[in-house]
Amino acid sequence: MYSSQPTRFPVTHKSVSLDIKGNKTDIVICKYDDKFLVIVTQIGCMGTILHARKEGSVSTEPTFSVSVIFGKRDEPWLLACGRQLIEHISCSGSSRPLVLSLGLKDHSPETLKELTVAVIENCLW
Amino acid sequence: MTSKELDTRFSELLLTEGSDSVGKTNKLEGQGSNDDVQITCFTEDLHDVTFHFQIIKLTKQIYVWIGCNTAKFGHLYAAAITRPNKTVAVTPVLGGTSDNTGSGIARRLVLKTGLNIIVACNIPKDSPTLEVTAERKLFEKLKSLGYIKPRPEGLPVSSAHN
């Protein structure tokens, strides 16, 4: 006889709300089987979506590819943020790619730095 | 390029509980209810298939993930109402260029909610029955959460063209 146990939802998520330069910023981090999803929003929608992944074999230094797949393609700091996060994921031992959505009111380096730190502080990898 | 130096100052940091239990809705604390991020996760066991649903409601957009038996991310689609003639535009954002599983769900979600929609879906290709079943369950949940606008009396089922 088997007792039925409630199964846990297979996707783990974590959510944080903080203030960055006076803008309320909501961060949601989700861990899927094959990807991480990070949603950062100040504007009530996902905004620009980036895809970042690790390339290269085990024996060589990893390289990273970051690209905008939806939204603003002329904001280099968004790519820099994605690059920071995928490297942090890689250094933590995971090879999963990252889907990063940034819906921001301002794209200044200070904002991107603060939200990068906030994501790393609350990461699921 | 490597960079290990980051500032660590925050103005305010509120940490909320993470949730990975079935059928639970989490609401981030916010200034008002309209600004809250609402996350709903639930699982439906149907015959020999298990569907997992994750709904993240933002103020102006809804993100939905549909997992069919697995927790793989799947293909990502974005859909929204376009102006001026209010048709619905759907585009694959990640994957999904060789099969459109999930794009129909995205389009009909926009029609029902009137919001911008981002859908991630890992339902296998060429499984219309699974797609329809998942969509039905999803719409039931969205309705119960109050995310779907009530249809005015006497109007037919919404179509893509007004």
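Taken from CD1 in A:I49 to CG in B:L94, the straight-line distance is 9.0 Å, to the nearest 0.5 Å. Taking CG from A:D33 and CG from B:N122, the interatomic distance works out to 8.5 Å, rounded to the nearest 0.5 Å. Rounded to the nearest 0.5 Å, atoms CD1 (B:I39) and OG (A:S15) are 4.0 Å apart. Rounding to the nearest 0.5 Å gives a distance of 6.0 Å between CD1 of A:I69 and CG of B:L76.
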Could you walk me through whether A:L37 and B:Y63 pass the side chain to side chain contact (heavy atoms under 4.5 Å, CB included) check? CA-CA 11 Å; A:L37 170 69; B:Y63 163 83; 3.4 Å; yes
Where do B:K72 and A:Y32 land on the side chain to side chain contact (heavy atoms under 4.5 Å, CB included) test, with the steps shown first? CA-CA 6 Å; B:K72 289 193 187 302; A:Y32 299 92; over 6 Å; no
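Linking Ile, Leu, Val, Met, Phe, Trp and Tyr residues whenever their side-chain heavy atoms come within less than 4.5 Å leaves A:W77 and A:I43 in two separate clusters. Residue A:L50 is grouped with residue A:I120 when hydrophobic side chains (ILVMFWY) are merged at heavy-atom distances under 4.5 angstrom, including chains of intermediate members. Note on B:V64 and B:V132: separate hydrophobic clusters, where clusters join Ile, Leu, Val, Met, Phe, Trp and Tyr whose side-chain heavy atoms are under 4.5 Å apart, directly or indirectly.
Contacts with chain A were tallied for B:A120, B:A78, B:A71; B:A71 has the most, counting heavy-atom pairs under 4.5 Å.
Of all heavy-atom pairs spanning A:P10 and B:H52, the tightest one is CD-ND1, 3.4 Å. Summarising the geometry of B:F73 relative to A:D34, their closest heavy-atom pair is N-OD1, 2.8 Å, with the distance given to 0.1 Å.
The shortest side-chain heavy-atom distance between B:T91 and A:F70 falls under the 4.5 Å cut-off. A 4.5 Å side-chain heavy-atom check between B:L58 and A:M46 finds at least one atom pair inside the cut-off.
For a residue to count as touching a neighbouring chain, one of its non-hydrogen atoms must lie under 4.5 Å from one of that chain's; by this rule B:I56 touches chain A with the side chain only. Only the side chain of A:I39 comes within contact range of chain B, with at least one heavy atom under 4.5 Å from a heavy atom of that chain.
A:D26 places no side-chain N or O within 3.5 Å of a backbone atom of B:D36 that could act as its donor or acceptor partner.
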